[in-house]
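Take a look at the structure set out below.
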Amino acid sequence: MIKADVIVCGAGPAGIAAAIQAAKAGADTLLIEKDATVGGMSTLGMINVFCGVSKCYLFNKILREKIIKDDPWGRLPYDPEEMVQFYIRELDEAGVRVLLGVKVADVKVEDKRIVDVSIATSMGMEHVSAPMWIDATGDGLLAYLAGVPFHLGRETDGAMQPMTMMVMLSNVYLPSRHYLTTVPGLPEKMEAFGKTLPGTAGHIIVIPTTVPGNAIINMTNCGFVDGTDIWDYTKAQMICRKQVYPIVKFLRENAPGCENCFVLRSAAYAGIRESRHFKGKATLTEEDILAGRVFDDWVVTGAKMGLNVHNTQGSGMSSYNRPAPMEYTIPYGAYITDEVDNLFLSGRMISGTHVAHGSYRAMSICMAGGQAVGGAAALCVQNGWKVDELPVGQLQDLLRQHDVPDPA
């Protein structure tokens, strides 16, 4: 039996931030991850740009250490390999124990508490135990197996944003980020070409990287799939890879600046934008985001990101897509549930609506939420509290000590 004070499942941006804060707050913290390294979509998934911002320790330090490079087009790009090294340093310095290559397989709940979790490892099944748990698995595998209620995708019909695999090209020279979308006739050509491919490709997103001549394409697309279903998940992975070389051929033949481009590398997997939305004690809505609402029980501050909702029926963006005019906060209640007394939600699967999720799923905002629940978990362990017994003011005081300001 492997034991810790706090166990964080999932080492993406939210899980890393949660583990670091829990350890810094004095908890013996174990971070477990199914992949062979940390970072999730921000590293292996090859997302190379932060969309949206927040005010929290990890994101603030990324900005201070210039992991993000100067960019004349107003983006926040970084190198995924450099980010791996940054994450490892931060985890080491905080004293977090890390276990890679393991996946949550089963959860035992007694009297509304998780008492045992089975993990699949290369040595067979192992058991882990902790008084406090944080689910940062993206799809909410821990919460799902613990029986927390959820809905998939859009509330009305379960439709979910599509899955996409990022691909890095080299020998790409563009004068600006949005240049290709303004080339006369090119977006229309791509939309028509997408109809010849499997899946739902058909839009143009080419993102220059921190290395001149290299660019990430966010153009593979597979909709009408449920990333929590293993058959759909496999289908999306295969379809996105089948789209890569036809898309590259299209860019060579039609996109100025891409005439001699070639594939440098592809992501380890297609990313799942949306899946389970769990029912928390509070639910963040698009109205809260657009109004810049400041909750009394805020635990995330300075969050700002548009309602970035991709089309559930095809390529491109949804009709829900719109900018967010101001910063907003996220309440503590969106990270805890009625069903389990020692479980925190974190990342894109917290309690929120389909449209609001288009904003709070941004990696920087997931980091801020991760930090909040990491601190909350440590306080709960130290004081013997259930998650709904924690005085939020005490958590806010802890966050203030770790680079989180009061709401503006």
State, without any angle test, whether [X] and [Y] hold a side-chain donor-acceptor pair at a distance under 3.5 Å.
| X | Y | answer |
| --- | --- | --- |
| Tyr87 | Ser42 | yes |
| Glu126 | Ser118 | no |
| Glu191 | His203 | no |
| Asn214 | Ser170 | yes |
| Ser318 | Asn321 | no |
| Asp403 | Asn60 | yes |
| Asp139 | Ser275 | yes |
| Asp226 | Thr228 | yes |

Step by step, would you call Tyr335 with Phe344 a ring pair (Phe, Tyr, Trp, His ring centres under 6.0 Å)?
CA-CA 6 Å; Tyr335 296 92; Phe344 291 95; 8.6 Å; no
Just verifying a value: how many Å separate [X] [atom1] and [Y] [atom2], rounded to the nearest 0.5 Å?
| X | Y | atom1 | atom2 | result |
| --- | --- | --- | --- | --- |
| Cys222 | Ile239 | SG | CD1 | 4.0 Å |
| Cys240 | Leu197 | SG | CG | 11.0 Å |
| Ser351 | Phe150 | OG | CZ | 13.5 Å |
| His310 | Ser315 | NE2 | OG | 11.0 Å |

Salt bridge (Lys or Arg N to Asp or Glu O under 4.0 Å), that's the test. Do Arg89 and Asp92 meet it? Break it down for me.
CA-CA 5 Å; Arg89 288 196 305 271; Asp92 284 347; over 6 Å; no
[Y]/[X] salt bridge by N-O under 4.0 Å criterion:
| X | Y | result |
| --- | --- | --- |
| Glu287 | Arg293 | no |
| Arg348 | Glu274 | no |
| Asp229 | Lys235 | no |
| Arg97 | Asp28 | yes |
| Arg265 | Glu81 | yes |
| Arg400 | Asp397 | yes |

Within the 4.5 Å heavy-atom criterion, are Pro405 and Thr301 side-chain neighbours or not?
yes
Would you say that Val248 contacts Arg252 through its side chain, given a criterion of any heavy-atom pair below 4.5 Å between the two side chains?
yes
Is it the case that Lys249 places NZ or CZ above or below the six-membered ring of Phe193, under 6.0 angstrom from the centre and within 45 degrees of the axis?
no
Would Lys34 pass as a cation-pi partner of Tyr269, given that its NZ or CZ must be under 6.0 Å from the six-membered ring centre and within 45 degrees of the axis?
yes
Minimum heavy-atom separation for [X] to [Y], with atom names?
| X | Y | answer |
| --- | --- | --- |
| Leu91 | Ala19 | CD2-CB, 4.4 Å |
| Leu141 | Val104 | CD2-O, 3.3 Å |
| Gly227 | Ile272 | O-CD1, 3.6 Å |
| Met326 | Lys304 | O-CG, 3.9 Å |
| Leu31 | Gly15 | CD1-O, 3.9 Å |
| Leu399 | Ala372 | CD2-CA, 3.9 Å |

Between Tyr328 and Tyr360, ring centroids under 6.0 Å
no
Do you know which of Thr220, Thr312, Asn221 makes side-chain hydrogen bond (donor to acceptor under 3.5 Å, both in side chains) with Thr200?
Asn221
Do the ring planes of Tyr320 and His354 sit parallel (below 30°), tilted (30 to 60°) or perpendicular (above 60°)?
perpendicular
Neighbour count above 12 (heavy atom, 6.0 Å) for Phe86 CZ
yes
Does atom NZ (Lys281) have a neighbourhood of more than 12 heavy atoms from anything else shown, all under 6.0 Å?
yes
One pair to check against salt bridge (Lys or Arg N to Asp or Glu O under 4.0 Å): Glu327 and Lys55. What are the steps and the verdict?
CA-CA 10 Å; Glu327 294 179 351; Lys55 295 176 181 176; 3.4 Å; yes
